Amino acid sequence: MTQLPWLSLIIWIPLITGILFLFFNTAKSKTARQFGMVVSSLVSVISTILWATATTENALGSYAERVTWIPTLGVDYSLSMDGLSGLMVLLTGLIMPFAYGASMGCLKAYKNETRYFGCLLIIQGSLLGVFTATNFFLWFCFYEISLVPAFFLIKIWGSAGKDRSSIRFFVYSMAGSIALLLGFLALAGATGSFEFDEIAAQSSAGNLADLIGSNLGWFDMPIGWLCALIFLLIFVGLAVKVPWVPLHGWLPETYDHAPSPVTMVLTGLMSKMGLYGLIRMGLPMMPYALPKLLTSLLVLTVFGIIYSAFAAMGQRSIKRMFAYSSINHLGYCMLGILSLGVVTNGDMNLEIQKSSVLGGVMLQMFAHGIIASVLFYFVNAMENRIGRKMLIDEHGGLRKVAPLMAGTMGLAVFASIGLPGLNGFVGEFLIFKGVFALVPWAACMAVAGLLITAVFLLRFLQVVFHGQVGESAAKFKDLSLMDTILVSPFIVIMVILGFFPHLLLSGLNPVINNIIRAMQF
Amino acid sequence: MEPLIHTTTYGDILRLTGPEWILVITALVVLAASFIRSTTSSAPCSTRTLTWISLAGTVLAGGVLLFNQPLGIVKGDVFFVSEGTRWVKLGILLLAALSLWLHLGTEKRLNHQGEFHALLLFAVVGMLLLVGADHLILVFIALELTALSLYVLTGFEKNKSISSQTAYKYFLIGSVSAALLLYGFSLIYGVSGHMHLTDIQLAIASKPADSLLALGLVMALAGFGFKIAAAPFHMWAPDVYQTAPTPVSSLIASASKVAGFFVLGRFLWGGFAGHAGSIQWTNWTSGWLPMLGLLACLSMLIGNLSALKQMNLRRLLAYSAVAHSGYALLGITSPEPLGPSSVSFYMLTYGISIVGMFGLLQILDQNGGAGDFKSLEGLRFKSGWMAACLMILILSMAGIPPMVGFLAKFNLFIAALKGSTEPMGLILLVVLALGASAVSLYYYLKILKTAFCTDQAEGDQSIQINTYQFTLVSFTVIGVIILGLFPGPILSRLTHAIGI
C-alpha cells in the first residue's frame, strides 16, 4: 500500500479551505468559523502525529514526496520532514489553532469574519509548506504566499495606524525577499541546483568556493569576498523576517497594530521562517563567508540584544514591550547561529560546543514560539476585557481580581525570563554555554541582555498585577473556561519541556550532527 | 512530426500560410458583410455578429495551426514554419481572440464596425507573418501591416479630438521608426549583400566589425525598440493605452508585443550572433548585446519610475509595460532555446494578465469611472469579485508566487544568467531588474490599497458586469493561477519546440 501524501495534505487542506473561505464570505459566519476551527485543529493533530511518528534517524527525513513540477528549471514539487522541519511543523500545529481560538472570542466588532479566518488558514498551510519544502523554489513560493494574507490581516483588521504599518511590513519583507532571491540565484547558478540538500552536500564536500569561483567570476572579485557577498544577501533577506536589529524597523508598529491573535502568529511562527531559512540556506554558505564578516555581524547582534532590551524597558504599551522583548529573545538565536561560523580548526571540543549551540537555537525557536504566543494571548485577553489597548501603568493589582490570569501569565513571563525549570531556560542556557566557548566576548556582553529582560519583565508583573487595585480594574474578569482550555496545554508544555528538554532534543540530534559535520572546514 | 516541406508550388505556400489566409478571408468576409448590410438595410450590421465572425475565423486559424499545420520553409527562405513559431502563433491568436472577446463586452457603439474588425484581423495577420519571417523585406512588410492597421484603430473614435491626436502622434513616431528600420535594413543589405537572416549570418561571419553594419544594427534596433515600447522609444505608449479603444489597447499591449519580441530575438540571434559583443563587466566588447543591455536598463528605470507618479490607471499600465519590456529584453540576451522560450513565455503570460486588466478597466469605464485611482475606491464593497480578480492580476504582474508572473520572471532571470555566453555575465542587469521589481511593488500595491482599503462611500452603486466581461476576466484570472501552479507542460513544450 502506498503511503498517503501526508505533508501535501496538511499543506493543501488549510490552504484550499482558506481560499474557499475568501469566496464564501457571505455564508453563515458562525458555522464557517467553527468549521475552520475544526479544519485547523485537524491539521494540527495530523501535524503532531507526523512529528511524533517521524523516523528521526533518517537524515533525509520522513514522509518524503517528490513529483516533477517544472522540468525546464529542474524544479520538483518535493516535500520532506527531518528533525528540524518536524519541530517547526509541531510548533505550527500548536500555535495556529491557539491563534484561531483567540480570534474566535474577540472579533464581534468585525463584519467579514469568514475572510479573516480564511486568511489564518492560508497562513497555516503556507507555513507548513515553508517548513517542509526541500528546494528553494517551492520554499520561496510558500514564503511569499504567507505574506499576502498576513498583509491583509493587518491592513483590514488592525488598529489605528494599520495602513502605514501593513505597508511597511510588506515592503520590508519584499525587499528582504529580493535580496534573498538574488543571493540564492547566485548560489543556484554556481551549484546548478535548487535543492537544499544538494547545496549542503557541495558545501560539506568543500566544493562550494570552487564552484562559485569557476561559475560566477563576477567583477574578478576575490572568491572569498564573493562568497561573503552571497552569504550577506541571503542573511539580510532572512534576517529582516526574524528580525535582526538594524533591520527591525517594521516590527514594533506592525506587532502593535496587528490584531493580537495575528501578532501571535507573526511572532510565534512567521519570525521562525527567517531562522529556519538561515539554518537551511545560510549555514552551508557560512564556512566560506563568515570569517570575513563574523566580527561585524556579531557586534551588531550583541548591540541589538541590548538595545532591544532597553527599548522594551522604555515602552508604556504592553504590546510594544513584548514586541521588543521578542526581538531580544530571537537575538539570542541569531547570536547562536552566527557563532557557528567561528573557525575551529578541527578542535573537537569546539565542535561539540557548536552542536550544543545549534541545539540551543532550535530549542529557543520552539520555546520562544510557545512563550511569545502565550504572552500575546494574554495581551489579547486584556484588550478584550477593557475594549482597547492596554498600557502598563493603567491598572494595578490585577492579581486580586484575576488570580488565575496573574498566575498563568506570571508563569509565562518567568519562562520568558528564562527561569530554570521552564522551557525558556534550556535554549538560552545551551546557546550561552556554547557561545562562551566560541566567542567569549560576545557572550559576556550579551548576558547583560538577560539581566535587563528580567528587570523589565518583573517590573511588568509588579505594576500590572500587584499593588493597589485600580478603580477601572474592579470589573476586570478572570480567565474564562475557554481561555483556560486554550492556555493550559501551553503552560503544561512550558513546565514539561523545562524539565525534559530531551523530548525535543533527541529528535533533533541527527539534523544537528548533519549540519555541524557539513560545516567542518 | 510531419516532414518539412520545401515549397515549390503555390499550393504549398498556401498550406504553409494557412492560418494567415484564414484570417485574411475572415477580414474580407467581415468587410463584405458590413457593406452588404449597410446597402440593403438602414440599420448597420450588429457589432456582435461581426465580432463573432472574426472570433470564428481566429478560432479556425488556431485550429488549423494546432491540428493541420505542415512545417516547412517557403522556397527562397522567405518564410518558415517551425514547431516554435507554431506555438508562438497560437499564443498570439489566443491573445487576439481574448481582445475580440473584450470587444464583445463593449457597450459603447462605434461607427464603421466592419472596418474596425477587418483592420484588427489584418493587424493579427501581420503579427503572424512577423513570427515566421526569415527575410528582411518580409519582416518590414509584416511590421508595417501591423503598425498601419494599429494606427487607424487607435484613432478610431475620430470624433474625439484626443483620439485623433494620439493616433497622429503614434503614426508620426511610428513612421520615423519605420524609416529608421528600413534604412538600417538597407545598410545591412549593403554590407552583407543578403536579405535572408541565415545568409547574412554566413556573409558577415568572416568580416570584422564594420561601422556601416554597426550603424545598420543601431537603426534596426531603434525601429524594433519602438515596436516593443522599450525606453527611450516608448513615448507613444502611455497616450495610446489611454485613448485607444480598449480592445485595441489590449491587442497592442499583448499580442503585438509577443510578435515583436519573438522577431527581435530571431533577428539578432539568427542574423548577427557573431557580432553580439559582450557585456561582461570586465570584458566589455562592442556589439548589439551592450545596446540591448542599455535598452533594458533604461526601460526598467524609466518605466518603473514614471509609473510611480501616474494617476491614470491606463497610463500607469503603459509605463509598467515599458518596465516589463525591459525585463523581457534581459531574456533576449540569452541564445536559443532558453532565451526565446523564456521571453515568449513571459510575454504570453504577461499578455494574458494585461488583457484581464483591460477587461477590468473596461468594466470600470462603463460604470462611470474616469479610469483613475478614484474609480477604484471602495471596489471591495462594490464588487468583491472584481476586487479579487484585480488582486490576482496585479500580484501576478508584480511577480508574487504562486501567480504565473513570478514564475515567468524567475525563468527569465535564470535564462539571462545561465544562457548568456559567459555564465553570470548579466548579473548586474538581473540585480537591477530585481531592484526595479521592488520599486514596481509600490505602484502595484497602491492600486490594491485603493481598491481594498478605502471606506465604503455613501450612495455607491454596485457595479454592472456583463457576461462577456465576467467570462473574460475570470478566464484570465484562472489562467494566471493555473499557469502559475502547473507551468510544466506549457513551459517545457515551448522550450522544446523553440529548441528544434
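Atoms considered below: every heavy atom in the structure, side chains included; atoms not considered: hydrogens, waters and symmetry mates. In this text, all values refer to a predicted model and were calculated from it rather than measured experimentally.
In the displayed structure, B/I490 atom CD1 is contacted under 6.0 Å by at most 12 heavy atoms of other residues, nucleotides or ligands. Crowding of B/K449 atom NZ: a count of heavy atoms from other residues, nucleotides or ligands under 6.0 Å not exceeding 12. Other residues, nucleotides and ligands contribute at most 12 non-hydrogen atoms within 6.0 Å of the CZ atom of B/F475.
Counting heavy-atom pairs under 4.5 Å between each of B/L491, B/I400, B/L434 and chain A puts B/L434 at the top. Chain B forms more heavy-atom pairs under 4.5 Å with one residue of A/T68, A/L73, A/I167 than with any other, namely A/L73.
If you measure heavy-atom distances from A/Y143 to chain B, you find no contacts under 4.5 Å at all. Heavy atoms closer than 4.5 Å to chain A are found nowhere in B/M403, neither backbone nor side chain. For a residue to count as touching a neighbouring chain, one of its non-hydrogen atoms must lie under 4.5 Å from one of that chain's; by this rule A/L147 does not touch chain B. Only the side chain of A/V148 comes within less than 4.5 Å of a heavy atom in chain B; its backbone stays farther off.
For residues 136-156 of chain A, the salt bridge (Lys or Arg N to Asp or Glu O under 4.0 Å) pairs, not counting sequence neighbours, are A/K155-A/D163.
Note that the CG atom of A/L22 and the CE atom of B/M391 stand 7.0 Å from one another [nearest 0.5 Å]. Here the straight-line distance linking atom CG of B/L448 with atom CZ of A/F152 works out to 5.5 Å at 0.5 Å rounding.
B/F406 has its ring centre less than 6.0 Å from the ring centre of A/F137. Aromatic rings of B/F410 and A/F140 (six-membered ring for Trp) have centroids beyond the 6.0 Å cut-off, not under it.
Between the side chain of A/W69 and the backbone N or O of B/P487 there is no donor-acceptor pair closer than 3.5 Å.
No side-chain heavy atom of B/P401 sits less than 4.5 Å from a side-chain heavy atom of A/F142.
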Between B/F345 and A/T72, is a side chain to side chain contact (heavy atoms under 4.5 Å, CB included) present by the stated rule, with each step listed?
CA-CA 12 Å; B/F345 186 71; A/T72 43; over 6 Å; no
May I have the step-by-step check of side chain to side chain contact (heavy atoms under 4.5 Å, CB included) for B/L441 and A/V171, ending in yes or no?
CA-CA 8 Å; B/L441 271 179; A/V171 170; over 6 Å; no
